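The next block holds one structure in the form of structure tokens; read it before the comments.
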Amino acid sequence: MSKINKKRLIYTVRVALAVVYLIAYVVLVIVRFSNPQSAFATEFFDKYIRIVKQTVTEGGEVVEISPSMPQIALNSLINILLILSVAKILRTLFRLRFKKSDRTKTVVSLLDGFVKYGAAIAVIIYVLKACGVNTEALIASIGILALIIGLGAQSLIADIIAGMFIIFENEFNTGEIISIDGFRGEVIEIGIRTTKLLDAAGNIKIMNHSDIKNVVNLSREPSLAAVDVDFPYDVPIEYIEKLFDEKFAGLKDKIPGIISGPFYKGVSEYKDSNVTVKIVATCKEQDRFQVQRDLLREYRAIITAEGIDISYPHVVIGQEEKSNIKVTGKDIKAAIQFVEEQKELSKNLEDKHN
């Protein structure tokens, strides 16, 4: 059995045990209130599960019997297991919702954090109760304690409030790709006080919510895949544009990540040995780098099929052979028409994505 399958099996068993325990607890409650005078109700449920206060009459006075330590310990154990079971079931139900939209993933992730920390606090209270601490007085003093903690934990409160604004203003969601201060990554978790980003190299960056500024959400709109490609000076530019006119229509089928395009933007640079032209296409942000690689590959295939190669520095002894490619007036006219069409189709495209 693989490590992943083993981990999944253990998780499934734990969820199943939590469900069984919760069902058993509910059944016990139903039995207790359906027959309150039964031996089970008085000898077990009232004594260990709920701990009903018992009294006796001594010398004409009613005296309350305090529960024994075994009673308190067993009651705490039963309730701790109940809290953990409910928390496990709720968190499992939340994770099942992850298959929905990115917005749902974000809200569910936040709720999951509240359930996890809430269960931990409840368990601590029951442990203290089992140790004889007056938890009722402790809970009553939480208001004062919260004020004291608030004065000393302002950064924590700032992180929580900033996280709330991120959720409510829908700045980004789990599963989206964002850039924060130059770090680009996928949002894998939005917690109560931190957000986790996973970059392409597998690095996880953890950022406090109050430190998150200058966020660029790259997933809400199509991204621009732009590549610069070269061809030698001895090949007429009209000939390259004619090739683009003939081949561009089929590139979208060959590169499934393209949403629209590709489009020819014209000459972007004159290099020592080559002319550089720019090709752009729109795609999803997670596909951008692969689309750029595919565009470069397909361009190389197009020009090599025509016997054209990119010039590179080399030493020539003797006369260099020149290309015998010729363009006709018809080719020039078609190239001009293609360039004008591409300008119109990709109008403002670069400006929009800069």
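Throughout, numbering of the chain's residues begins at 1 and tracks the sequence. As the structure is a prediction and not an experimental result, all values here were calculated from the model.
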Expected output: side-chain [X] to main-chain [Y] donor-acceptor under 3.5 Å:
X	Y	result
E238	I332	no
D245	A335	no
S219	I177	yes
N208	S210	no
D199	N203	yes

Answer yes or no: is there a side-chain heavy-atom contact under 4.5 Å between [X] and [Y]?
X	Y	value
I303	F231	no
V227	Y299	no
E285	L224	no
I308	P232	yes

Could you go through the side-chain contact (heavy atoms from CB on, under 4.5 Å) check for D309 and R300 one step at a time?
CA-CA 8 Å; D309 200 358; R300 173 73 174 174; 2.7 Å; yes
How far does [atom1] of [X] sit from [atom2] of [Y], to the nearest 0.5 angstrom?
X	Y	atom1	atom2	result
L243	F338	CG	CZ	9.5 Å
M207	T194	CE	OG1	10.5 Å
I212	H209	CD1	NE2	5.0 Å
K205	L197	NZ	CG	8.0 Å
C283	Q290	SG	CD	10.5 Å
E298	I279	CD	CD1	10.5 Å

When you check the side-chain N and O atoms of T282 and S260, is any donor under 3.5 Å from an acceptor?
yes
Strictly by modelled atom types, are T276 and D230 linked by a side-chain donor-acceptor pair under 3.5 Å?
yes
Looking at E269 and K278, is there a salt bridge between them, counting it only when a charged N and a carboxylate O are closer than 4.0 Å?
no
Determine, using the 4.5 Å side-chain heavy-atom cutoff (strictly less than), whether [X] and [Y] are members of one ILVMFWY cluster.
X	Y	result
F289	L218	no
I190	V216	no
V235	L296	yes
L17	V20	no

By the definition side chain to side chain contact (heavy atoms under 4.5 Å, CB included), identify the one residue from L198, I178, I180 that meets it with V187.
I178
The test is side-chain contact (heavy atoms from CB on, under 4.5 Å); show your working for E306 and Y239 and say whether it passes.
CA-CA 10 Å; E306 298 295 321; Y239 186 79; 2.7 Å; yes
Can you give me the closest heavy-atom contact between E241 and Y264, atom names plus distance?
OE2-OH, 2.8 Å
Decide if atom CZ of R297 counts as having more than 12 heavy atoms of other residues, nucleotides or ligands within a radius under 6.0 Å.
no
Which label fits Y233 and Y270: parallel for a plane angle under 30°, tilted from 30 to 60°, or perpendicular past 60°?
parallel
All N/O donor-acceptor pairs, side-chain side in residues 246-259, below 3.5 Å, sequence neighbours left out:
residue	atom	partner	partner atom	Å
E246	OE2	K242	NZ	3.4
K252	NZ	I259	O	2.8

